[in-house]
Engineer: 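I have a structure I would like to understand better, so I am pasting it below and will then ask my questions one at a time.
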Amino acid sequence: MTASMTPRAVDQSGLSAADSLVNALPGKNQVIDTSKFVNLCAVCDNAATGHVSIRPTDMGQMQGWINSRGSSEIHPLTQELMNAVVGTVKR
Amino acid sequence: MTAVAEAIWLRLHVVLTAFADQLAAADSALISDLGRSANDTFLLRAYLSFRRHNDGNEVAITVDVQSKGQQLTIESDACSDDGKVIASGPSAAIPLSTIPSNVDSAIDDWLCEFDRWLLVSELAIAKAASRLS
């Protein structure tokens with residue numbers, strides 16, 4: 001579960017998310033309160049699809065975050081994302 | 001309330017460790033990760049996830065415990081990381097206004113149900129794990 005909240009090598013622009021439930025993938029979705037972000041930000045990079053990328057405010061941290069995937073220690077940005085989850089919804 | 005979450009986690013840890021061992025016995029290439037978190041919303045988020053390599057997809061069993069008003073809610077399922085629900089697990093809404101032994105008993109009942117659900121869902125979860133890239 002911490003892995004799914006940590007970007008993979010292909011996620012160079014950030015973790016994929018949606019700006020609303022309407023635009024979310026079918027199935028279970030995590031509800032994230034982006035106002036809780038400190039070192040992360042949510043960038044809507046496709047207004048038509050509502051696609052949002054969750055990335056570090058300092059993109060210099062991106063590779064380190066990616067490299068931490070699968071590590072036994074939770075990266076601070078993964079922890080920040082986990083702290084911002086305020087619910088789950090099924091679509 | 002933290003004590004209740006801690007008690008649930010201790011018992012879940014035993015159940016999920018055994019489940020991880022069962023799947024690992026059948027598929028030694030699976031990497032499992034058992035853990036928990038908590039935040040302002042969730043008293044407990046317990047998870048057991050499976051993947052084949054660090055950069056791959058994962059399947060996770062999750063148990064979310066929240067305090068909602070005068071109720072303790074527990075929700076569980078097994079999902080892939082794209083949100084696809086592999087199996088919906090048991091849920092519970094336990095009134096906190098009842099006497100503590102009733103709360104303990106309701107948690108016991110939910111844990112028994114969760115244990116049974118793991119048993120009947122093992123094949124579906126193992127199948128989803130076998131397809132992980």
Side-chain angles (χ1 to χ4, degrees), chain A residues 1-12 15-18 20-38 40 50-52 54 62-91, chain B residues 9 12-13 16 19-20 29-69 73-89 91 125 128-129 132-133:
Chain A
M1 185 166 170
T2 55
S4 67
M5 294 220 167
T6 307
R8 290 178 289 184
V10 294
D11 301 320
Q12 289 290 340
L15 279 170
S16 279
S20 65
L21 184 58
V22 174
N23 291 322
L25 291 171
K28 184 181 177 184
N29 288 272
Q30 310 285 322
V31 181
I32 295 164
D33 180 355
T34 56
S35 72
K36 292 180 181 286
F37 285 172
V38 178
L40 289 170
H51 183 268
V52 170
I54 296 173
M62 193 66 194
Q63 195 56 50
W65 191 19
I66 289 170
N67 293 345
S68 75
R69 192 178 156 103
S71 155
S72 57
E73 288 190 17
I74 298 175
H75 191 279
L77 294 175
T78 299
Q79 188 63 60
E80 184 174 321
L81 185 54
M82 290 167 74
N83 289 344
V85 177
V86 294
T88 59
V89 285
K90 284 173 184 164
R91 181 176 166 247
Chain B
W9 165 246
L12 275 176
H13 190 275
L16 292 173
F19 189 80
L30 275 182
I31 301 166
S32 64
D33 182 18
L34 173 60
R36 65 167 165 170
S37 66
N39 62 21
D40 296 341
T41 303
F42 296 95
L43 292 172
L44 172 68
R45 303 199 86 192
Y47 57 88
L48 170 63
S49 61
F50 298 97
R51 61 185 188 280
R52 295 202 171 274
H53 55 91
N54 288 344
D55 213 32
N57 296 330
E58 68 176 14
V59 164
I61 296 164
T62 59
V63 176
D64 287 338
V65 181
Q66 284 181 273
S67 173
K68 289 182 178 174
T73 66
I74 309 176
E75 292 179 351
S76 60
D77 55 36
C79 287
S80 53
D81 53 7
D82 62 1
K84 184 184 171 194
V85 179
I86 298 158
S88 290
S91 59
I125 296 168
L132 287 171
S133 57

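Heavy-atom basis, side chains included; hydrogens, waters and symmetry copies ignored. In what follows, chains carry the letters A, B, and so on, assigned in the order in which the sequence lines appear, proteins first and then strands, with residues in each chain numbered from 1.
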Engineer: Select one option (side chain, backbone, both, neither) describing which atoms of A:N83 are under 4.5 Å from chain B's heavy atoms.
Structural biologist: both

Engineer: With respect to chain A, which residue among B:A38, B:G56, B:S80 yields the maximal number of heavy-atom pairs within a distance under 4.5 Å?
Structural biologist: B:G56

Engineer: Which value, rounded to the nearest 0.5 Å, describes the distance between A:I74 atom CD1 and B:D33 atom CG?
Structural biologist: 8.0 Å

Engineer: At what distance, to the nearest 0.5 angstrom, does OG1 of A:T88 lie from CG of B:D77?
Structural biologist: 7.5 Å

Engineer: Tell me the closest heavy-atom pair linking B:N54 and A:G70, and the distance in Å.
Structural biologist: OD1-CA, 3.5 Å

Engineer: Which atoms of B:N57 come close to chain A, meaning under 4.5 Å heavy atom to heavy atom: side chain ones, backbone ones, both, or neither?
Structural biologist: both

Engineer: Rounded to the nearest 0.5 Å, what separation is found between the CG atom of B:D55 and the CZ atom of A:R69?
Structural biologist: 6.0 Å

Engineer: Yes or no on side-chain contact (heavy atoms from CB on, under 4.5 Å) for B:R45 and A:V85, after CA distance, side-chain angles and deciding distance?
Structural biologist: CA-CA 11 Å; B:R45 303 199 86 192; A:V85 177; 3.3 Å; yes

Engineer: Report, as yes or no, whether the 6.0 Å neighbourhood of atom NZ on B:K84 holds more than 12 heavy atoms from other residues, nucleotides or ligands.
Structural biologist: no

Engineer: Once rounded to the nearest 0.5 Å, what's the spacing between atom CE of A:M82 and atom OH of B:Y47?
Structural biologist: 5.0 Å

Engineer: Measure the spacing between NZ of A:K28 and OG of B:S88 and express it to the nearest 0.5 Å.
Structural biologist: 9.0 Å

Engineer: Does B:N39 reach the side chain of A:K36, with side-chain heavy atoms less than 4.5 Å apart?
Structural biologist: no

